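Working notes, beginning with the structure itself.
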Amino acid sequence: MATAPRKTVSTGGAVVEHLIVVVLLALLASTAVAVIRLTNLFAVVMLFGIYSLLSASVFLVMNAGDVAFTEAAVGAGIATVLMLSTMALCAPREMPSRRNKPLRLLLVALTGAVLVWGTMDLPGFGDPSAPANQHVAPRYIQESPREIGIPNMVSSILASYRGFDTFGEVTVIFTAGLGVLMLLAGRRRKKGGEES
Amino acid sequence: MTRQPVLHVTAKFLIPLIMLFALYVQFHGEYSPGGGFQAGVIFGAGLILYGLVFGVEQAQRVLPLGVLRVLAALGVLLYGGVGMVSLLAGQEFLDYGALSADPVAGQHLGILLVELGVGITVTAVMVIIFYVFAGREKT
(Lines give C-alpha, C1' and ligand atoms only; values in the text may rest on other atoms or scores of the structure.)
Protein backbone atom coordinates (compact mmCIF):
# COMPACT_ATOMS: atom_id res chain seq x y z
CA MET A 1 0.00 0.00 0.00
CA ALA A 2 2.74 2.44 0.97
CA THR A 3 4.05 3.15 -2.49
CA ALA A 4 4.19 6.67 -3.78
CA PRO A 5 3.17 7.42 -7.36
CA ARG A 6 6.05 6.72 -9.71
CA LYS A 7 7.66 9.95 -10.67
CA THR A 8 11.10 11.20 -11.51
CA VAL A 9 12.96 12.35 -8.41
CA SER A 10 15.39 15.02 -9.45
CA THR A 11 15.53 17.81 -6.84
CA GLY A 12 15.54 17.96 -3.07
CA GLY A 13 11.97 19.28 -3.05
CA ALA A 14 10.80 16.28 -5.01
CA VAL A 15 12.44 13.92 -2.47
CA VAL A 16 10.63 15.64 0.40
CA GLU A 17 7.36 15.53 -1.57
CA HIS A 18 7.92 11.83 -2.22
CA LEU A 19 8.49 11.25 1.49
CA ILE A 20 5.34 13.18 2.46
CA VAL A 21 3.25 11.10 0.04
CA VAL A 22 4.71 7.84 1.40
CA VAL A 23 3.95 8.89 5.00
CA LEU A 24 0.41 10.00 4.08
CA LEU A 25 -0.28 6.76 2.20
CA ALA A 26 1.04 4.71 5.13
CA LEU A 27 -1.32 6.63 7.45
CA LEU A 28 -4.17 6.02 4.98
CA ALA A 29 -3.45 2.28 5.00
CA SER A 30 -3.30 2.10 8.80
CA THR A 31 -6.57 4.08 9.06
CA ALA A 32 -8.20 1.60 6.68
CA VAL A 33 -6.99 -1.36 8.77
CA ALA A 34 -8.32 0.32 11.94
CA VAL A 35 -11.71 0.87 10.24
CA ILE A 36 -11.89 -2.84 9.38
CA ARG A 37 -10.88 -4.02 12.86
CA LEU A 38 -13.07 -1.70 14.97
CA THR A 39 -16.68 -2.61 15.72
CA ASN A 40 -17.63 0.65 17.47
CA LEU A 41 -19.42 2.50 14.67
CA PHE A 42 -18.87 5.96 16.17
CA ALA A 43 -15.10 5.41 16.06
CA VAL A 44 -15.38 4.04 12.52
CA VAL A 45 -17.24 7.17 11.35
CA MET A 46 -14.57 9.39 12.94
CA LEU A 47 -11.82 7.35 11.27
CA PHE A 48 -13.59 7.73 7.91
CA GLY A 49 -13.39 11.49 8.44
CA ILE A 50 -9.67 11.21 9.16
CA TYR A 51 -9.27 9.01 6.08
CA SER A 52 -10.90 11.72 3.93
CA LEU A 53 -8.72 14.43 5.43
CA LEU A 54 -5.59 12.35 4.70
CA SER A 55 -6.79 11.80 1.12
CA ALA A 56 -7.31 15.54 0.81
CA SER A 57 -3.70 16.06 1.93
CA VAL A 58 -2.48 13.57 -0.70
CA PHE A 59 -4.45 15.46 -3.39
CA LEU A 60 -2.93 18.72 -2.18
CA VAL A 61 0.62 17.31 -2.42
CA MET A 62 -0.28 16.26 -5.99
CA ASN A 63 -1.24 19.90 -6.74
CA ALA A 64 -4.94 19.08 -7.14
CA GLY A 65 -6.27 21.92 -4.97
CA ASP A 66 -9.84 21.72 -6.24
CA VAL A 67 -10.10 18.00 -5.51
CA ALA A 68 -8.59 18.53 -2.05
CA PHE A 69 -11.22 21.22 -1.27
CA THR A 70 -14.01 18.89 -2.28
CA GLU A 71 -12.62 15.88 -0.43
CA ALA A 72 -12.09 17.88 2.77
CA ALA A 73 -15.54 19.52 2.67
CA VAL A 74 -17.60 16.54 1.46
CA GLY A 75 -15.61 13.54 2.69
CA ALA A 76 -14.43 14.82 6.05
CA GLY A 77 -17.26 17.27 6.73
CA ILE A 78 -20.65 16.60 5.19
CA ALA A 79 -20.36 12.79 4.79
CA THR A 80 -19.28 12.45 8.44
CA VAL A 81 -22.31 14.44 9.58
CA LEU A 82 -24.63 12.33 7.40
CA MET A 83 -23.13 9.08 8.72
CA LEU A 84 -23.48 10.32 12.30
CA SER A 85 -27.13 11.23 11.79
CA THR A 86 -27.70 7.80 10.24
CA MET A 87 -25.95 6.23 13.25
CA ALA A 88 -28.45 7.90 15.56
CA LEU A 89 -31.06 5.59 14.01
CA CYS A 90 -29.20 2.29 14.34
CA ALA A 91 -27.22 0.20 16.83
CA PRO A 92 -23.91 1.69 18.00
CA ARG A 93 -21.91 -1.51 17.38
CA GLU A 94 -21.29 -3.65 14.35
CA MET A 95 -22.62 -7.20 14.64
CA PRO A 96 -19.72 -9.67 14.60
CA SER A 97 -19.99 -12.12 11.74
CA ARG A 98 -18.10 -15.41 11.77
CA ARG A 99 -19.36 -16.85 8.49
CA ASN A 100 -16.81 -17.93 5.91
CA LYS A 101 -14.03 -15.56 6.89
CA PRO A 102 -11.25 -17.25 4.86
CA LEU A 103 -13.29 -17.00 1.65
CA ARG A 104 -13.86 -13.28 2.20
CA LEU A 105 -10.18 -12.67 2.90
CA LEU A 106 -9.27 -14.57 -0.26
CA LEU A 107 -11.78 -12.54 -2.31
CA VAL A 108 -10.50 -9.23 -0.95
CA ALA A 109 -6.85 -10.23 -1.43
CA LEU A 110 -7.58 -11.36 -4.99
CA THR A 111 -9.41 -8.11 -5.87
CA GLY A 112 -6.57 -6.10 -4.35
CA ALA A 113 -3.97 -8.06 -6.31
CA VAL A 114 -5.89 -7.50 -9.56
CA LEU A 115 -6.10 -3.76 -8.83
CA VAL A 116 -2.36 -3.53 -8.06
CA TRP A 117 -1.66 -5.53 -11.23
CA GLY A 118 -3.84 -3.04 -13.12
CA THR A 119 -1.75 -0.09 -11.92
CA MET A 120 1.33 -1.64 -13.55
CA ASP A 121 0.06 -0.47 -16.94
CA LEU A 122 -0.75 3.06 -15.78
CA PRO A 123 1.50 5.81 -17.10
CA GLY A 124 3.66 7.64 -14.55
CA PHE A 125 2.18 10.53 -12.55
CA GLY A 126 2.21 13.69 -14.66
CA ASP A 127 3.81 11.89 -17.63
CA PRO A 128 3.47 14.28 -20.61
CA SER A 129 3.53 11.37 -23.09
CA ALA A 130 0.59 9.60 -21.37
CA PRO A 131 -2.42 9.11 -23.69
CA ALA A 132 -4.60 11.29 -21.44
CA ASN A 133 -2.18 14.18 -21.89
CA GLN A 134 -1.88 13.70 -25.63
CA HIS A 135 -5.50 13.80 -26.78
CA VAL A 136 -7.18 17.22 -26.36
CA ALA A 137 -5.09 18.53 -23.46
CA PRO A 138 -2.37 20.19 -25.61
CA ARG A 139 -5.03 22.11 -27.53
CA TYR A 140 -6.69 23.30 -24.31
CA ILE A 141 -3.33 24.43 -22.90
CA GLN A 142 -2.32 26.27 -26.07
CA GLU A 143 -5.65 27.82 -27.05
CA SER A 144 -7.48 28.55 -23.76
CA PRO A 145 -5.52 31.75 -22.90
CA ARG A 146 -6.64 33.20 -26.24
CA GLU A 147 -10.13 31.65 -26.46
CA ILE A 148 -11.27 31.89 -22.82
CA GLY A 149 -8.68 34.20 -21.30
CA ILE A 150 -8.89 33.15 -17.64
CA PRO A 151 -5.80 32.05 -15.70
CA ASN A 152 -7.34 28.95 -14.07
CA MET A 153 -7.37 26.49 -16.94
CA VAL A 154 -9.28 23.91 -14.88
CA SER A 155 -12.21 26.33 -14.69
CA SER A 156 -12.14 27.06 -18.40
CA ILE A 157 -12.10 23.35 -19.25
CA LEU A 158 -14.83 22.39 -16.75
CA ALA A 159 -17.17 25.31 -17.35
CA SER A 160 -16.61 26.09 -21.01
CA TYR A 161 -14.96 23.35 -23.09
CA ARG A 162 -16.69 20.66 -21.05
CA GLY A 163 -19.72 22.76 -20.15
CA PHE A 164 -22.14 20.07 -21.26
CA ASP A 165 -20.56 17.48 -18.94
CA THR A 166 -20.72 19.90 -16.01
CA PHE A 167 -24.38 20.59 -16.81
CA GLY A 168 -24.92 16.85 -16.55
CA GLU A 169 -23.12 16.78 -13.18
CA VAL A 170 -25.28 19.58 -11.77
CA THR A 171 -28.35 17.70 -12.94
CA VAL A 172 -27.07 14.56 -11.18
CA ILE A 173 -26.64 16.49 -7.90
CA PHE A 174 -30.11 18.03 -8.31
CA THR A 175 -31.55 14.56 -8.96
CA ALA A 176 -29.79 13.20 -5.86
CA GLY A 177 -31.41 15.92 -3.76
CA LEU A 178 -34.79 15.18 -5.34
CA GLY A 179 -34.38 11.47 -4.66
CA VAL A 180 -33.53 12.03 -1.00
CA LEU A 181 -36.53 14.36 -0.64
CA MET A 182 -38.92 11.90 -2.28
CA LEU A 183 -37.69 8.82 -0.41
CA LEU A 184 -37.00 10.14 3.07
CA ALA A 185 -38.88 13.40 3.58
CA GLY A 186 -42.45 12.11 3.35
CA ARG A 187 -43.62 13.82 6.51
CA ARG A 188 -41.55 16.94 6.05
CA ARG A 189 -42.53 17.45 2.44
CA LYS A 190 -46.04 18.50 3.43
CA LYS A 191 -44.67 20.94 6.00
CA GLY A 192 -42.21 22.40 3.45
CA GLY A 193 -45.03 22.72 0.92
CA GLU A 194 -47.11 24.83 3.29
CA GLU A 195 -44.18 27.09 4.05
CA SER A 196 -43.30 27.81 0.45
CA MET B 1 -28.81 20.34 19.91
CA THR B 2 -26.47 21.56 22.67
CA ARG B 3 -26.40 24.45 25.10
CA GLN B 4 -22.64 24.71 25.36
CA PRO B 5 -21.41 28.33 25.22
CA VAL B 6 -17.93 27.42 23.93
CA LEU B 7 -19.42 25.64 20.92
CA HIS B 8 -21.87 28.48 20.26
CA VAL B 9 -19.24 31.21 20.40
CA THR B 10 -16.72 29.27 18.31
CA ALA B 11 -19.34 28.39 15.71
CA LYS B 12 -20.58 31.98 15.53
CA PHE B 13 -17.01 33.07 14.90
CA LEU B 14 -16.24 30.34 12.35
CA ILE B 15 -19.43 30.24 10.27
CA PRO B 16 -19.05 33.73 8.71
CA LEU B 17 -15.40 32.94 7.88
CA ILE B 18 -16.38 29.63 6.24
CA MET B 19 -19.06 31.39 4.19
CA LEU B 20 -16.67 34.20 3.21
CA PHE B 21 -14.12 31.61 2.10
CA ALA B 22 -16.84 29.84 0.09
CA LEU B 23 -17.69 33.10 -1.68
CA TYR B 24 -13.97 33.63 -2.39
CA VAL B 25 -13.69 30.12 -3.85
CA GLN B 26 -16.84 30.82 -5.89
CA PHE B 27 -15.97 34.18 -7.40
CA HIS B 28 -12.18 33.84 -7.50
CA GLY B 29 -12.45 30.45 -9.20
CA GLU B 30 -11.26 31.94 -12.50
CA TYR B 31 -7.90 32.82 -10.93
CA SER B 32 -7.27 30.26 -8.18
CA PRO B 33 -8.27 26.65 -7.54
CA GLY B 34 -11.97 26.32 -6.96
CA GLY B 35 -15.28 26.83 -8.64
CA GLY B 36 -18.96 26.33 -8.16
CA PHE B 37 -18.88 22.79 -6.80
CA GLN B 38 -16.14 23.48 -4.24
CA ALA B 39 -17.76 26.74 -3.16
CA GLY B 40 -21.14 25.00 -2.88
CA VAL B 41 -19.90 22.25 -0.59
CA ILE B 42 -17.97 24.72 1.61
CA PHE B 43 -21.00 27.04 1.90
CA GLY B 44 -23.18 24.01 2.57
CA ALA B 45 -20.75 22.82 5.25
CA GLY B 46 -21.01 26.25 6.94
CA LEU B 47 -24.81 26.01 7.01
CA ILE B 48 -24.64 22.40 8.25
CA LEU B 49 -22.31 23.50 11.07
CA TYR B 50 -24.95 26.08 12.03
CA GLY B 51 -27.59 23.35 12.03
CA LEU B 52 -25.40 21.05 14.13
CA VAL B 53 -24.64 23.63 16.80
CA PHE B 54 -27.95 25.53 16.99
CA GLY B 55 -30.30 22.70 16.05
CA VAL B 56 -32.02 21.74 12.82
CA GLU B 57 -35.24 23.58 13.75
CA GLN B 58 -33.35 26.85 14.21
CA ALA B 59 -31.49 26.29 10.90
CA GLN B 60 -34.83 25.67 9.16
CA ARG B 61 -36.13 28.96 10.52
CA VAL B 62 -33.12 30.69 8.93
CA LEU B 63 -33.34 28.77 5.66
CA PRO B 64 -36.61 26.85 5.19
CA LEU B 65 -36.70 23.63 3.17
CA GLY B 66 -39.12 25.22 0.70
CA VAL B 67 -36.61 27.97 -0.13
CA LEU B 68 -33.84 25.39 -0.58
CA ARG B 69 -35.95 23.35 -2.99
CA VAL B 70 -36.52 26.46 -5.11
CA LEU B 71 -32.79 27.32 -4.95
CA ALA B 72 -31.76 23.79 -5.99
CA ALA B 73 -33.91 24.05 -9.12
CA LEU B 74 -32.87 27.66 -9.72
CA GLY B 75 -29.18 26.73 -10.02
CA VAL B 76 -29.85 24.10 -12.69
CA LEU B 77 -32.19 26.52 -14.48
CA LEU B 78 -29.54 29.27 -14.42
CA TYR B 79 -27.01 26.88 -16.00
CA GLY B 80 -29.47 25.69 -18.63
CA GLY B 81 -30.71 29.26 -19.14
CA VAL B 82 -27.22 30.45 -20.06
CA GLY B 83 -27.09 27.61 -22.59
CA MET B 84 -30.48 28.61 -24.00
CA VAL B 85 -29.44 32.28 -24.30
CA SER B 86 -26.38 31.30 -26.35
CA LEU B 87 -28.63 29.03 -28.43
CA LEU B 88 -31.04 31.92 -29.09
CA ALA B 89 -28.12 34.20 -29.97
CA GLY B 90 -27.36 31.88 -32.86
CA GLN B 91 -24.49 29.87 -31.34
CA GLU B 92 -24.29 26.32 -30.05
CA PHE B 93 -25.77 25.32 -26.68
CA LEU B 94 -23.47 26.58 -23.89
CA ASP B 95 -21.17 28.45 -26.29
CA TYR B 96 -20.66 31.50 -24.08
CA GLY B 97 -18.95 33.46 -26.84
CA ALA B 98 -22.45 34.50 -27.93
CA LEU B 99 -23.22 36.26 -24.61
CA SER B 100 -21.28 39.39 -25.44
CA ALA B 101 -19.99 41.27 -28.48
CA ASP B 102 -16.46 40.28 -27.47
CA PRO B 103 -16.23 36.44 -27.40
CA VAL B 104 -13.63 36.41 -24.59
CA ALA B 105 -15.79 38.70 -22.41
CA GLY B 106 -18.74 36.43 -23.23
CA GLN B 107 -16.75 33.41 -22.05
CA HIS B 108 -15.95 35.22 -18.77
CA LEU B 109 -19.60 36.08 -18.18
CA GLY B 110 -20.79 32.61 -19.14
CA ILE B 111 -18.32 30.84 -16.83
CA LEU B 112 -19.23 33.19 -13.95
CA LEU B 113 -22.98 32.55 -14.36
CA VAL B 114 -22.64 28.83 -14.91
CA GLU B 115 -20.40 28.43 -11.85
CA LEU B 116 -22.90 30.46 -9.82
CA GLY B 117 -25.63 28.04 -10.92
CA VAL B 118 -23.48 25.07 -9.86
CA GLY B 119 -22.74 26.71 -6.50
CA ILE B 120 -26.42 27.46 -5.73
CA THR B 121 -27.59 23.95 -6.59
CA VAL B 122 -24.78 22.20 -4.70
CA THR B 123 -25.31 24.33 -1.56
CA ALA B 124 -29.05 23.78 -1.61
CA VAL B 125 -28.84 20.02 -2.21
CA MET B 126 -26.19 19.49 0.51
CA VAL B 127 -28.31 21.33 3.09
CA ILE B 128 -31.51 19.54 1.92
CA ILE B 129 -29.83 16.15 2.44
CA PHE B 130 -28.63 17.26 5.89
CA TYR B 131 -32.11 18.49 6.90
CA VAL B 132 -33.74 15.26 5.77
CA PHE B 133 -31.14 12.98 7.40
CA ALA B 134 -30.95 14.93 10.66
CA GLY B 135 -34.75 15.30 10.84
CA ARG B 136 -35.45 11.55 10.75
CA GLU B 137 -36.63 9.97 13.94
CA LYS B 138 -35.94 6.47 15.15
CA THR B 139 -38.78 4.14 14.18
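Every chain is numbered from 1, with letters handed out A, B, ... down the list of sequences. Only this structure's heavy atoms are used, side chains among them; waters, hydrogens and symmetry mates stay out. Here the structure is a predicted model, which means the values were calculated and not measured.
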Other members of the hydrophobic cluster containing V67(A), with the 4.5 Å side-chain heavy-atom rule, please.
F59(A)
In Å and rounded to the nearest 0.5 Å, what is the CG to OG distance from L94(B) to S160(A)?
8.5 Å
When the 4.5 angstrom heavy-atom criterion is applied to V81(A) and chain B, the contacting part is side chain
How many angstroms lie between CZ in F174(A) and CG in L77(B), if you round to the nearest 0.5 Å?
7.5 Å
Max heavy-atom pairs within cutoff under 4.5 Å with chain B, candidates T166(A), L158(A), V154(A), V74(A), goes to T166(A)
Side-chain donor or acceptor of N152(A) paired with backbone N/O of G29(B) under 3.5 Å
yes
Shortest non-hydrogen separation from G163(A) to Y96(B) and the atoms involved:
CA-OH, 4.3 Å
Y79(B) (side chain) donor-acceptor with T171(A) (main chain) under 3.5 angstrom
no
Quick check on the 6.0 Å ring-centre criterion: do F69(A) and F21(B) meet it?
yes
Yes or no on side chain to side chain contact (heavy atoms under 4.5 Å, CB included) for L181(A) and I128(B), after CA distance, side-chain angles and deciding distance?
CA-CA 8 Å; L181(A) 271 178; I128(B) 285 175; 3.6 Å; yes
Hey, what do you get for CZ (F37(B)) to CD1 (I173(A)), rounding to the nearest 0.5 Å?
4.5 Å
Just grab all the salt bridge (charged side-chain N to carboxylate O under 4.0 Å, His left out) pairs involving residues 130-144 of chain A, residues at least two apart or on different chains.
R139(A)-E147(A), E143(A)-R146(A)
